[in-house]
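Written out below as structure tokens is the structure these notes cover.
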Amino acid sequence: MQLWRIRLSTIRHTGIRVVTLVLGLLIGMNSMTSTATEANKRIINGLVRIKVTSQRYDFFRPWKKKSPESREGIGTVISRNRILATAALIENSNYIELNRIGDGEKCPAVVEQVDYSANLAVLVPTDPEFLRQTRPLSVFSRKIKVGDSFLAWQFEANGTPLIADAELKEIEVKPYPYDFVPHLVFRVKTVLSQVSGSYTLPVTKGNKLIGLMMGHNQGGQTMTLIPPPIITHFLNDLDDGDYDGFPLAGFSFSPLENKQLRRFLEVHDEDGGIFIDKVRPGGPADNAGLRAGDVLLAIDQHNIDKSGQYIDRDYGKLLIAHLITTRSYEGDFRRFRIFRDKKETVFDVHLNSLNSEDYPIPPFVIDQAPEYMIVGGLVLRELSVQFLKEWGANWRTTAPRNFQFYAHHQWDLYSPERKIVILSEVLASEGNIGYQGLHSLVVTDINGKKITRLRDIPTALGHPMDGFHKIEFADDPKTIYLDSSSLERENRIIQKRFELPALARFNQPE
Amino acid sequence: MKNIKLNLIRGSIISLLMVPLGYARLDAEFVRKSLVRILVTSQTLDYHAPWNPGRIGRSVGSGFIISETQILTNAHVVSNAKFIIVDKDGDPKKYAARVLHIAHDCDLAVLTVDDPAFFIGTNSLEFGPIPELHSTVTACGYPIGGQRMSVTRGVVSRVEFRTYSHSGLDSHLTIQIDAAINPGNSGGPVMQDGKVVGVAFQGYSGSVAQNTGYMIPTPVIGRFLDDIRDTTYDGYVELGVNYHNLLNPSYRARLKLPEGPGGVVVTTVLKAGSAYGVLEPGDVLLSIDGHPINADGHIRIGGKYVQLEEVVERKFHGDEVKFEIIRNNEKLERNVPLKGAWPFAIFARDYDRKPEFVLFAGLLFQPLSHNLLTAYKNTDLDLNHYYSRFVSDEIYRDHPEIIVLSAILRDPVNTHCEDLVNAMVDEVNGRKIKTLKDLANAFDRKPDRYVIKMIGKGKPIVLELNEVEIAQNNIKQRYGIVSEQFVE
């Protein structure tokens with residue numbers, strides 16, 4: 001194995017010797033496959049191709065879906081007739097098809113559970129017999145260290161395996177793509193082949209699953225893996241009945257490395273500890289009594305150093321996020337040792353997960369149609385980071401900056417129960433002449449009633465004032481009016497003109 | 001206004017014949033005797049190392065003589081100038097010039113030459129009106145560095161309000177012409193019927209648009225010359241009112257507005273502006289100084305439609321502007337005494353002023369400004385938010401200057417403070433910091449330690465006096481700091 005990989009990379013750089021090398025390669029391959037087959041058959045038997053047709057909602061025009069996209073990846077068969085894949089593979093899917101690698105047999109599948117925060121999903125084939133000839137892989141549970149070598153699995157369209165060596169380079173805790181909550185990540189060095197269907201790739205050690213590829217950087221020849229602790233947490237949570245998700249403590253911190261600051265706070269240098277910057281209102285830390293300005297010294301028996309790391313029993317120094325989100329489960333109590341006003345105190349923090357929909361401004365809205373309401377051509381909806389991401393890869397520079405600021409500071413600005421209703425654009429009609437340039441405005445009141453979620457709007461519109469609907473915004477033009485007597489007629493015209501399937505969408509019954 | 005100079009006609013007789021003769025007439029010799037080439041050595045401001053004198057650059061522009069001792073040009077031709085030389089077509093002698101008045105908000109400046117010999121044999125040009133659309137004008141100047149006068153002709157394509165890119169903030173009346181205007185044309189006169197109808201000042205670079213040049217029209221020039229008559233330039237006044245159109249029939253019906261096309265509704269009255277306390281949100285503005293206001297905010301002055309701001313544009317500090325308004329269904333008249341509004345200056349590009357800063361324990365503190373944000377290409381979400389809301393959210397009341405920790409010169413005294421770069425100073429040892437001077441004063445006191453709290457950040461910066469004293473000299477030497485603060 002090792003031998004041909006070196007040759008493969010030689011071919012890339014030297015044009016002339018390609019012919020002889022390819023010959024050597026072919027000869028090598030014949031002998032290698034016979035031995036490789038026996039050793040790897042066990043793993044191949046636990047893998048299945050997943051083909052997904054998905055369709056995103058258009059967050060600019062929330063009444064329609066975008067054109068369908070196809071994605072392919074390799075899923076891992078796990079216990080109880082199920083398949084593990086990344087959430088990114090199956091997001092917004094219309095149809096999921098499993099494709100057996102050996103014989104190409106096909107079978108539709110459905111999602112049993114997905115956790116976007118952890119970027120993981122479990123699928124189930126609709127035909128319970130489909131996976132009978134496969135053998136589930138279990139998740140690697142022994143110690144892993146930097147330098148360990150793994151195998152990354154790709155397949156050609158005809159089912160020929162392309163196995164790449166991979167070496168673990170780094171174990172770190174960093175934000176996951178959907179809600180930016182940090183979780184454990186393995187960074188691995190490998191050279192992948194350019195074959196289609198590499199959206200999810202399994203990576204193995206021995207005959208066990210060591211991770212799923214989350215991202216790949218061809219230039220740097222590195223990929224990031226969702227490692228065993230995240231997969232195991234996800235599956236354990238799922239198998240104990242209700243799925244709860246990864247718990248959070250609800251605070252943010254800064255390192256406390258500056259000696260002068262430590263002396264000012266009178267924290268002993270050998271005590272370590274981090275500075276708590278913010279505590280999410282109504283979150284676990286807040287409920288337990290933690291405050292901004294506290295110094296967090298330890299969680300249970302785990303001392304925290306000045307940069308926010310503890311000693312993990314398996315991986316050594318890791319950010320405490322791992323201890324909270326992955327070494328704990330929903331509902332666990334963790335004892336926080338706090339230094340406040342020059343004294344040590346303990347607080348028992350009851351850890352709790354936070355779903356995207358529980359944020360005032362949700363970090364993602366996936367697999368569900370965005371809610372909206374069109375009132376006299378005004379397109380009204382709740383603000384989400386998903387909406388901001390519609391501006392594309394550079395959304396942090398191109399999406400409206402006021403909305404980005406609100407999203408970034410949402411816990412400081414808004415109470416947890418509310419949402420932010422915005423006017424995203426105006427669909428032109430006779431009745432809204434003069435308002436047609438309005439966009440990116442926060443709606444505060446309609447007819448004198450506070451608007452704290454989209455659902456408040458139908459009720460508020462039931463009480464026009466003197467024959468007009470008064471709509472108020474946080475910024476200029478502050479107030480506009482719509483004639484209530486002609487609103488229904490206007491709405492019908494707009495619906496017909498712009499071919500809107502509906503003037504509003506509310507996902508759950510009121 | 002004698003005969004048409006041949007330079008202009010040669011090679012283009014056909015196009016000349018197609019243009020009414022009266023419009024095309026230019027006495028090039030007359031203009032030549034007024035046109036001046038301006039050679040400038042400038043020093044740009046260095047916000048990254050504000051203790052340094054800045055980079056030296058050289059540029060060329062145009063100008064023209066408007067009186068026995070004065071030359072008019074663009075402000076941007078002579079901004080940040082350290083040394084100015086002027087010369088004339090056909091006269092090899094170079095004369096040292098100096099800036100008498102400079103107005104960055106309307107991109108105009110008046111220079112003088114102390115040597116009276118310079119003005120001998122020259123002409124002063126006179127100003128004309130706003131030229132008609134599609135009438136022909138001639139731009140004169142020294143584009144692309146040539147030593148001889150260049151003349152290009154075009155027609156007036158558009159008269160509109162436009163941002164003057166020199167300050168990046170101020171919008172004034174602007175005339176778009178399709179004559180080729182190139183770097184070096186800046187400050188040169190644009191002529192019609194022997195009179196100056198504008199000063200060429202900006203164009204598009206690259207492939208955005210072709211054959212579009214812009215000139216400053218005579219109402220803006222006239223206002224500038226009037227303003228400096230008392231020897232100081234006061235600048236523009238600021239009404240401080242945001243308004244919204246009243247084109248919507250429902251809105252008009254709700255306000256029970258009388259039949260007719262006019263009126264706009266006031267949405268915000270900024271505390272920093274002149275109208276605060278006189279106009280209120282919800283007021284409908286019907287007319288300004290007797291000019292009826294259309295529902296889209298336009299008025300008619302001298303046969304041309306312009307935004308209602310044009311009336312305020314032409315006024316001076318201490319003048320009044322009269323509004324006819326409707327408030328609570330009642331027709332009222334309100335006079336607004338006009339003044340400038342300093343908080344808006346944060347949004348304008350700054351010139352000629354040395355960047356202010358305080359360097360303390362390797363921490364570089366600078367007041368938030370347009371220049372600072374662009375110099376650091378800063379995209380920090382919070383910083384940009386405070387900047388954009390500085391006037392509308394009245395942030396200037398608590399923080400007339402927003403003091404930013406813009407950079408750190410690394411030293412043991414300031415290790416582990418990097419995560420607070422771009423943060424804004426709130427208080428030092430419990431005292432609110434409102435200006436850079438406050439900060440400088442706070443550092444001049446000698447407490448045992450300084451506790452610097454930043455806006456919206458939990459973690460403070462703590463500096464112990466003895467550590468700072470050890471560090472200051474090291475930092476000065478290592479980073480070649482010539483001065484540790486500049487506070488005006």
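Just so it is clear, the values below take in all heavy atoms, side chains as well, and ignore hydrogens, waters and symmetry mates.
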S486(A), part contacting chain B, at a heavy-atom distance under 4.5 Å: neither
Flag side-chain contact, heavy atom, 4.5 Å: P255(A) against D419(B): yes
Heavy-atom side-chain contact between K457(B) and D277(A) under 4.5 Å: no
Portion of R396(A) that has a non-hydrogen atom of chain B nearer than 4.5 angstrom: neither
N245(B) side chain to G434(A) backbone, donor-acceptor under 3.5 Å: yes
Any side-chain heavy-atom pair of R254(B) and D466(A) under 4.5 Å: yes
Any side-chain heavy-atom pair of P249(B) and D483(A) under 4.5 Å: no
Heavy-atom side-chain proximity of H244(B) to D476(A) below 4.5 angstrom: no
Which atoms of H469(A) approach chain B - backbone, side chain, both or neither, heavy atom under 4.5 Å: neither
Chain B contact via F275(A) - side chain, backbone, both or neither, heavy atoms under 4.5 Å: side chain
Portion of Y406(A) that has a non-hydrogen atom of chain B nearer than 4.5 angstrom: side chain
Side chain / backbone / both / neither for I274(A) at chain B, heavy atoms under 4.5 Å: neither
Flag side-chain contact, heavy atom, 4.5 Å: E464(B) against R263(A): yes
Which portion of F468(A) sits near chain B, non-hydrogen atoms under 4.5 angstrom: side chain
Donor-acceptor side-chain pairing of N248(B) and Y481(A) below 3.5 angstrom: no
Closest heavy-atom pair and its distance - L261(A), K459(B): CD2-CG, 3.5 Å
For the student: nearest non-hydrogen atoms of K478(A) and T267(B), plus distance: CG-O, 3.6 Å
Under 4.5 Å from a heavy atom of chain B, the part of D475(A) involved: side chain
Short side-chain to backbone donor-acceptor contact, S250(B) and L482(A), under 3.5 Å: no
